[in-house]
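When a ligand or atom number is given, it counts from 1 through the structure's own listing order.
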Amino acid sequence: MRALLIYPRFPKSFWSFEKVLEMIGRKAMLPPLGLITVAAILPQDWEFRLVDRNIAEVTEADWDWAELVMLSGMIVQQEDFLDQVREAKQRGKKVAVGGPYPTALPQHLQAVNADYLVLDEGEMTIPPFLEALERGEPTGVFRSAEKPDITQTPVPRFDLLDLEAYSEMAVQFSRGCPFLCEFCDIIVLYGRRPRTKTPQQLIAELERLYELGWRRSIFLVDDNFIGNKRQVKNLLRELQPWLAARGYPFTFGTEASVDLAKDQELMDLMTACRFGSVFLGLETPDESSLTATRKPQNIREPLSESVAKITASGLRIMAGFIIGFDGEKPGAADRIVQFVEQTSIPTALFSMLQALPNTALWHRLEKEGRLLGQSADINQTTLMNFVPTRPVAEVAREYVDGFWRLYEPQNFLDRAYRHYRLLGEAPCHRNPRQQSTPGQKKMARNTLRPLGIILWRQGVVRNTRWTFWPYLWRMYRHNPRGVVSYLTLCAQIEHFLEYREIVKAEIEAQLAAQLAAPGQAPLTSQRLKNS
Ligand code: B12
Ligand code: SF4
């Protein structure tokens with residue numbers, strides 16, 4: 001079988017970082033790990049071609065070659081996803097779809113006549129799909145309530161990727177999260193019992209990437225990397241000597257729950273393996289909102305203390321914040337901005353709450369008759385898809401204003417500087433074991449050109465130049481090994497400066513449209529253009 005794997009295009013977003021990617025000569029941030037995992041699960045005598053539409057077009061030759069077209073993606077990719085299914089069907093191809101978008105909203109894919117809906121986790125649903133193909137069944141929906149044991153998942157087919165196109169690589173150690181946040185669809189899609197691979201299995205994946213020549217950053221895309229702390233410590237203990245033997249060829253980033261702060265041993269193991277950053281779902285400093293959204297793990301210790309402990313351990317923090325929880329008092333965005341400033345978190349993903357399909361939040365709002373439409377388009381440029389408890393206009397205006405202030409270039413630069421000064425105090429940054437290695441030096445050399453651009457734009461062209469140079473000098477004096485990484489972070493403002501304009505324009509346009517036609521589903525920018 002000749003299978004063409006297509007990964008649809010993402011809209012411009014908080015995460016798309018086009019300007020930064022352009023500077024570093026890459027085309028996308030992360031690869032489609034789901035599709036290359038699927039390719040490894042499918043029979044290995046099949047032939048595969050992968051087209052990630054974020055880096056390349058599907059050519060006529062690809063379409064002609066394909067016998068089966070397979071697509072994966074998340075809800076934000078829906079527009080291009082549906083277009084590609086239509087295109088494949090028009091060309092008379094059989095189409096199989098899977099991943100978080102088809103799993104959450106299968107009716108969308110049925111409406112465009114996708115032939116096979118291979119939903120939930122592929123380890124469970126690909127075998128019955130293959131049996132159906134064998135029997136010559138023309139269509140089918142394959143689902144599984146049971147979650148697979150991922151110790152059996154094969155090494156993803158990294159060889160199908162154009163490695164040069166990506167700024168980071170993706171691997172996954174665990175799926176699922178033990179917590180119960182009301183808005184979260186992770187626990188719906190991947191369950192509450194964190195399932196891990198074995199340490200040897202993950203190291204085999206890294207070994208494969210090493211053989212293929214990868215020498216940059218790797219993002220562990222786990223829903224919550226520390227969901228099973230015992231297993232993750234076992235992994236890190238085995239990983240560290242493997243990395244040391246190869247001169248630390250990679251750096252790592254991941255996502256974790258905030259209780260990471262309570263486990264110093266775990267943080268030390270992470271930094272010993274060159275974990276440089278961690279994404280935390282902090283959501284809001286408002287304790288009443290955290291209680292309402294069933295996130296007590298963020299209240300047990302003061303959030304700002306947890307952030308301080310994680311930073312003091314040497315892990316750069318990226319964090320997610322949300323506005324629009326039920327019962328929220330006016331001024332929520334202000335409180336978030338203050339918190340971000342006070343804790344000096346440079347990269348803060350700020351969004352308005354959205355109800356994702358099948359989450360506890362979705363079911364509650366449905367019962368209360370507050371959902372606007374049957375979809376969700378979670379993004380930083382979309383209005384909420386339900387009726388909030390305070391006026392939507394108030395939430396949206398606070399949100400736009402907060403986003404604007406977070407990404408005011410001077411505010412961002414100040415936070416980045418303060419954050420790196422704190423990181424510089426961490427013992428791991430002074431540990432001799434962490435001196436630069438050949439792998440690290442190669443990574444640093446690759447960043448020379450973008451660094452030149454940042455020095456020019458932020459040190460000469462922009463108003464921030466008056467603080468840029470003193471900060472850089474002090475960084476050099478107090479945290480010299482953090483300088484390259486600090487400047488790379490500074491580059492993000494190139495993206496956020498443009499993106500905050502988009503957020504403002506899109507939210508204001510949607511708000512005006514919604515206020516003119518109350519009770520309608522929120523309009524995305526595309527639907528606005530079409531309407
Ligand atoms: C890495 C990641 C990203 C990366 C993107 C990487 C990339 N190029 O794909 C970044 C950081 C950019 C990102 C951004 C966002 N993300 Co994201 N992301 C993830 C994450 C953590 C890992 C994805 C991954 O690699 N998984 C590993 C693979 C192995 O799992 P998988 O894709 O599910 O594949 C399995 C099955 O689904 C199935 N399968 C998958 N595809 C196919 C295809 C076929 C044909 C078949 C048969 C089977 C099949 O088989 C695979 C093996 O079991 C997931 C969570 C998760 N656990 O997956 C969220 C997740 C996909 N993201 C999500 C969301 C909401 C977002 C954001 C909207 C967040 C935000 N507020 O901004 C943004 C969107 C960007 C934008 N605004 O444009 C949601 C999607 C919900 C949905 N139902 O669509 C998820 C599920 C998590 C969550 N709730 O936050 N994300
Ligand atoms: S901690 Fe994160 S992944 Fe876990 S349930 Fe809450 S939002 Fe979802």
Interfacing atoms of ligand 1 (cut-off 4.0 Å, heavy-atom, G99) = 37 (O), 39 (N), 40 (C), 41 (N), 42 (C), 49 (C)

Between OG on residue S351 and CD on residue E283, distance to nearest 0.5 Å = 9.0 Å

Mind checking whether atom 6 (Fe) of ligand 2 has an N, O or S of C184 under 2.8 Å?
-> no

For E121, atoms of ligand 1 separated by under 4.0 Å from a heavy atom | 53 (O)

Heavy-atom distance under 4.5 Å between the side chains of F219 and E255, does that happen here?
-> yes

Are Q380 and ligand 1 in contact, using a heavy-atom cut-off of under 4.0 Å?
-> yes

Where ligand 1 meets G34 - atom numbers and elements under 4.0 angstrom, heavy-atom basis | 28 (C), 29 (C), 32 (O), 34 (O)

Contact with ligand 1 for F14, non-hydrogen, under 4.0 angstrom = no

L163 and R216: which non-hydrogen atoms are nearest, and at how many Å?
-> O-NH2, 3.3 Å

Please verify whether a non-hydrogen atom of D222 lies at under 4.0 Å from ligand 1.
-> no

Is the distance between the ring centroids of F14 and F496 under 6.0 Å?
-> yes

Contact check, Y116 vs ligand 1, heavy-atom distance below 4.0 Å | no

Would you mind running through ligand 1 and noting each atom that sits below 4.0 Å from a heavy atom of L189?
-> 86 (C)

Test the R215-Y210 pair against the cation-pi criterion, namely NZ or CZ under 6.0 angstrom from the six-membered ring centroid and within 45° of the ring axis.
-> yes

Output, in order, the C-alpha distance, side-chain angles, deciding distance and verdict of side-chain contact (heavy atoms from CB on, under 4.5 Å) for F350 and I323.
-> CA-CA 8 Å; F350 188 27; I323 182 173; 3.9 Å; yes

May I ask which of M74, K12, R9, E255 has a heavy atom nearer to atom 15 (C) of ligand 1 than the others do?
-> M74

Do the rings of Y407 and F412 sit parallel, tilted or perpendicular, given the 30° and 60° boundaries?
-> tilted

Side-chain contact, heavy-atom cut-off 4.5 Å: L406 with F403?
-> no

Hey, does D223 come in under 3.5 Å of ligand 1, counting only N/O atoms on both sides?
-> yes

Does L71 have a heavy atom less than 4.0 Å from any atom of ligand 1?
-> yes

Heavy atoms only: which of F183, F17, W15 is nearest to atom 14 (C) of ligand 1?
-> W15

So, R500 side chain and W404 main chain: donor-acceptor pair closer than 3.5 Å or not?
-> yes

Would you say the side chain of I75 lies within less than 4.5 Å of the side chain of P357, judging by non-hydrogen atoms?
-> yes

Any side-chain heavy atom of V258 sitting closer than 4.5 Å to one from L303?
-> yes

Check each atom of ligand 2 against the heavy atoms of Q297 and keep those under 4.0 Å away; list them by number with element.
-> 1 (S)

Who gets closest to atom 81 (C) of ligand 1 by heavy atom: D185, I75, V95?
-> D185

Backbone or side-chain N or O of L33 under 3.5 Å from ligand 1 N or O | no

Where does P31 meet ligand 1, judged by heavy-atom distances below 4.0 Å: at the side chain, the backbone, both, or neither?
-> backbone

So, do M318 and V278 sit near enough that their side-chain heavy atoms are less than 4.5 Å apart?
-> no

Could you tell me whether V76 approaches ligand 1 through its side chain, its backbone, both or neither, with non-hydrogen atoms closer than 4.0 Å?
-> side chain

Atoms of ligand 1 close to S13 [distance to a heavy atom under 4.0 angstrom, numbered from 1] = 75 (C), 76 (C), 77 (N), 78 (O)

Heavy atom of A170 under 4.0 Å from ligand 1?
-> no

side-chain contact (heavy atoms from CB on, under 4.5 Å), paired with V171, selected from L206, V221, V155 | L206

Identify, by atom number and element, the atoms of ligand 2 in contact range of K295, meaning under 4.0 Å from any of its heavy atoms.
-> 6 (Fe), 7 (S)

Give the numbers and elements of all ligand 2 atoms closer than 4.0 Å to a heavy atom of C177.
-> 1 (S), 3 (S), 4 (Fe), 5 (S)

To atom 48 (C) of ligand 1, the nearest of N358, N54, N224, V38 on a heavy-atom basis is V38

State the atoms of ligand 1, each with its element, that fall below the 4.0 Å cut-off from a heavy-atom position in L30.
-> 4 (C), 6 (C), 8 (N)

Using distance alone, determine whether Y190 and ligand 1 share an N or O pair under 3.5 Å.
-> yes

Answer yes or no: does an N/O atom from A104 fall short of 3.5 Å to an N/O atom of ligand 1?
-> no

Going by distance only, is there an N or O of M29 that falls short of 3.5 Å from an N or O of ligand 1?
-> no

